[in-house]
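Heads up, the thing below is written out as structure tokens.
What's counted below: heavy atoms across the whole structure, side chains too, no hydrogens, waters or symmetry copies. Every chain is numbered from 1 and lettered A, B, ... according to where its sequence line falls, protein lines coming before strand lines.
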Amino acid sequence: MPKNAFTIRGLTKVYGEGRSAVHALRGVDLEIPAGEIVVLLGPSGSGKSTLLNIIGGLDRGSEGTVHFGDQNLTEMSDAALTRYRRDHIGFVFQFYNLMPSLTAHENVELVTEIARAPMDADDALALVGLKERIDHFPAQMSGGEQQRVAIARAVAKQPDVLFCDEPTGALDSKTGRAVLNVLKDVNEKLGATVLIVTHAASQAAMADRVIHFADGNVREVIVNNTKRAPEEIEW
Amino acid sequence: MVSPLDRKLLRDLWRMKGQAFAIGMVVAVGVMMLVMMSGLVTSLNETRNAYYERYRLANIFAPVARAPDRLLARLAAIDGVGAVEGRVQGGALIDLPDTSLPVQAQAVSLPDLHEPRLNAVYLTAGRLIDSNRTDEILLLKSFAEAHGLTPGDMLSATMNGARRTFRIVGLAQSPEFLYTTAPGELVPDDARFGVIWMSNAALAAAYDMAGAFNEALLSLSRGANEAAVLAAVDRILAPYGGLGAYPLADQNSNRFISEEISGLEAAAVGVPPVFLAVAAFLLYIVISRMVQSEREEIGLMKAFGYTNAEVGAHYFKLVLAIALGGALAGCLFGIAAGRALIQVYTAYFKFPFLVFQLEPSSFITGATVSVLAASAGGLFVLRQVFALTPANAMRAATPPDFSRTGRIGQSINHLLDQPSRMVLRRLTRQPGRMAGATIGIACGMGLSVAMMTIYAGFDRTIDLTFSVIDRSDVAVTFTNPVSDKTIYELRRLPGVSYVEPVRLVATVLRNGLDSYRGAINGLSNDARLNRAIDSGLGTIQMPKDGIILASALADILHVSPGDTLTVEVREGRQPVLQLPVAGIAESLLGSPAYMELDALNSALREPNRVSGAYLSIDTAKAETIYRALQDMPSVAGVSLKSDARKALAKMMDQGAGAIRYVMGAIAFVITFGIIYNSARIAYADRARDLASLRVIGFTTGEAGFVLLGELAVITLIAVPIGSVLGHYLSFSIADGFSTDLYQIPVVFSPDSYGLAALFVLAASITSGWLVKRDIDRADLVSALKTRE
């Protein structure tokens, strides 16, 4: 992996046209170094999720370029973006997005079956501390457990980057901390770049780098030299 | 002022317009069939009745050898008789320049001094005949058109052995001759049987009937006892060679039309319920999906203080709107289709005018039944609405629980990848819904299979009749039973390779209260050209005594081998015979009865007589043979099997046969309606799952498999079930289409099954493709943001 996981230049995103146009991103220039935990903070509508979606290959920008290492995402076809997500990216969402018809173990296998160099599904579940409940269906698990399965699913492919959009948004603080701990472990043990989008400013304490978003642009990038463990964070 | 809920209703309808349309169409087709068919049947019946009444068609026909005119007064005096008319009628052979074959015709007299009291004619061109001119005739319009004859043309015909030339002064139609079939033939054909009307004096002279008649027509007064009148007429005419009076119901043309109309009626009853049941099922799954996805709104409405009834009514109105929309469209389509089809049928039945009558009750039935069917589907949905409490509804739904059924099929789990497991588990989680969709598709497929089996059956009827049962090239009918020496004469004709005698005897067959007017075919023991065959297509050897009945006839008379049948012969000495039923023959055309020729002749005490012959000829010498036949005075008619085959094929393709095409299209609509809606719902249910799969890195094809795999399984299960359903359905449909004039066999034709399966697969693939497009276009980001 090169030094920078992502290099973003002049990225804009406009929804709609003419007078009803909404500028979600207004010319973002940003580098995200590989192997770091990066937290994106900002109020609703500041553009942080839009940025995450574009660099995650779920959406396209209106103008500007995004490079993942030396690959130019901006020029990729839909099929190539799918390939990119499949090979390099893991996602964790606020509402877990598990397949209700598959057990925890099978949800993870869903990914290991198609990934290039996956880890064992059991190991991925062990990583998130869910060894005992691997044969349960989502309907039989709590929110925190479901989110841990979602993380196991995201990390099982050994992604280069893990994107987490409000991963603790639907969880109580105790469960949330456990989830953040898992993210920290993934970063440390697998060396994956972890990008967390959140409202909760206090979570910035566990990041290597904190990016503040406002009005569709980066307001400030802070490099955090005094990282704290998730257990020490309150929100 | 439209209430906010009603505005929501309109917007919901607009949002789900594709599905609403698909369901509405299924309702519409059901109602359309109902309105169209019942309108068609009513119109045809009304038109027929009006035609019969306006042209005073007789209620009773009484053929007799020769009865003096004074008997007419005695007939008129019978209790219950309205009007009486005596007339002369006889067979004739028409020579036409456009064909070397003589064409059979019936000559019928019209009264000289007054308007016909019964069986009036409808003049379509030219003028009526001048009773003082013995050479003027009216010709049946359909026959004239088939041969390009118009008023002013001359026509030469042989009557009672004498050849004469006539002037056609007009063309006419008559309710008596809507369908014309030459004697000894079974298939109506405009071109091969003509009707000539001429003055009574002229015709009486030709047939030696001056001061006499050979057919009495009678009408009945209101409340008359038909059976009593028939018996009285027979008593009066018996000494004069009465051949047995028969009612209108047994009259050939009328019988044919009645059978056709009742065939339509049968189709009108069977099809619509299938559609409405399918529509109810579709409404249930679509609206129930909608309630599920709108649980938060429902909770909100209830939290605001809307009652269960108000919220329920809101969703119920949606069901009603779709059902009523469909029913309304169905009524309009039904009227339009009915109007278009009635034109076809008017031409087919040769009605000179049309009483187009809609059946208003069918609108009401159609609308009521659709609403009831839809409500049945809707009621289940209301249960879900009522069960939601506001607090519950506004909390996010827990993921659907697969823990109970998710273990099903565990033994094969290790063989399946995760996407296949998802498909399998979804199928097993809602077995009711899956079974509903499967059965619905199977019904559509079954209908297709059955209809196509019927197509094959029509072909089979034609093939069996003309390639297996009747293998002759030419059939010759004699004017009256002649000595079997005539057969030797025919054998001597150059180009004739084989001749087989036949004797047709007009009879009434009776078994208790069941009776049938028809002919007995006397066949020689070694018949090769025209045979009675058993169900295995083997030749039935004619027994020395006893009678063989076609299975259709055995059904009508309720007899089986070993029973004794009363046979009233309607010619010659008119003996009444008691004959044992010796066997049952397979026959698809007509309902013939067979006897051994010599046995028949000796029962009639008329040895060595034949009334016709089947010929095998060298087609290169056909023209010479026809000319020779035409010159034989004993020959009444010659018919070519190829003509008869063409006429039958044409007849089966029109009329009741045309309904086949409608049914085929309908089966497609059902299949498509179900599959499309199932696909839509499956997609709506799983949009988020599919988006998740795409995010994880599944291609659209791989994600599509998870969705469409389920449809594929449903379709593949439905195909064999549909085949079995179709197999059984084809028996009842064949039964509905079969009449005593022709029977439709159920033929196993692999083509039908293959084609129906292709229909289903095509509908399935089209639906899948439409939904797959949505997967391709899905906005991943917004699908993921929504909370289920």
Side-chain angles (χ1 to χ4, degrees), chain A residues 15 49-50 52-54 56-60 78-79 81-103 105-116 121 135-143 146 150 153-154 156-157 159 163 165-166 169-170, chain B residues 395-410 413-414 416-430 685-703 705-706 709-710 775-788:
Chain A
Y15 294 104
S49 288
T50 306
L52 190 80
N53 290 335
I54 294 173
L58 297 178
D59 203 353
R60 290 171 183 281
D78 281 348
L81 280 179
T82 301
R83 195 78 233 168
Y84 160 71
R85 293 197 300 270
R86 190 169 180 148
D87 293 342
H88 302 290
I89 307 298
F91 283 98
V92 177
F93 295 97
Q94 183 177 3
F95 299 115
Y96 333 130
N97 292 53
L98 297 178
M99 298 297 134
S101 56
L102 298 180
T103 62
H105 191 257
E106 289 167 339
N107 260 289
V108 178
E109 281 189 324
L110 192 61
V111 165
T112 60
E113 276 173 4
I114 61 164
R116 239 180 357 177
D135 283 330
H136 286 66
F137 285 92
Q140 299 169 298
M141 290 190 277
S142 70
Q146 289 185 56
R153 187 177 68 180
K157 70 166 75 159
F163 287 105
D165 196 351
E166 303 281 2
Chain B
R395 199 174 311 135
T398 45
D401 189 355
F402 282 83
S403 58
R404 243 165 9 100
T405 53
R407 316 278 177 213
I408 293 173
Q410 224 166 9
N413 258 353
H414 62 279
L416 303 175
D417 59 3
Q418 303 309 329
S420 309
R421 287 185 207 186
M422 292 171 72
V423 169
L424 175 71
R425 287 183 191 161
R426 217 180 116 84
L427 287 168
T428 51
R429 182 163 181 270
Q430 294 180 309
D685 271 357
R686 326 187 58 189
R688 214 169 70 111
D689 287 357
L690 295 172
S692 300
L693 289 175
R694 294 276 292 116
V695 168
I696 291 172
F698 278 65
T699 61
T700 52
E702 287 164 336
F705 166 78
V706 172
E710 166 188 327
I775 299 180
D776 295 348
R777 289 194 299 223
D779 179 354
L780 296 182
V781 176
S782 65
L784 291 172
K785 290 280 172 188
T786 43
R787 186 181 68 165
E788 280 273 311

Check: Under the side chain to side chain donor-acceptor pair (under 3.5 Å) test, which residues partner B:Glu710, sequence neighbours left out?
Finding: B:Arg426, B:Arg686

Please state whether the side chain, the backbone, both or neither of [X] comes within less than 4.5 Å of a heavy atom of chain B.
| X | result |
| --- | --- |
| A:Leu98 | backbone |
| A:Ile114 | side chain |
| A:Arg153 | side chain |
| A:Glu113 | side chain |

Next item on the list: Kindly assign one of parallel, tilted or perpendicular to the pair A:Tyr84 and A:His88, based on the angle between their ring planes and the thresholds 30° and 60°.
Entry: tilted

Item checked: Test item: B:Ile696 and A:Arg85 side chains (from C-beta on) under 4.5 Å apart, heavy atoms -> no

Item checked: Stepwise salt bridge (charged side-chain N to carboxylate O under 4.0 Å, His left out) check, A:Arg60 with A:Asp78 -> CA-CA 10 Å; A:Arg60 290 171 183 281; A:Asp78 281 348; 3.1 Å; yes

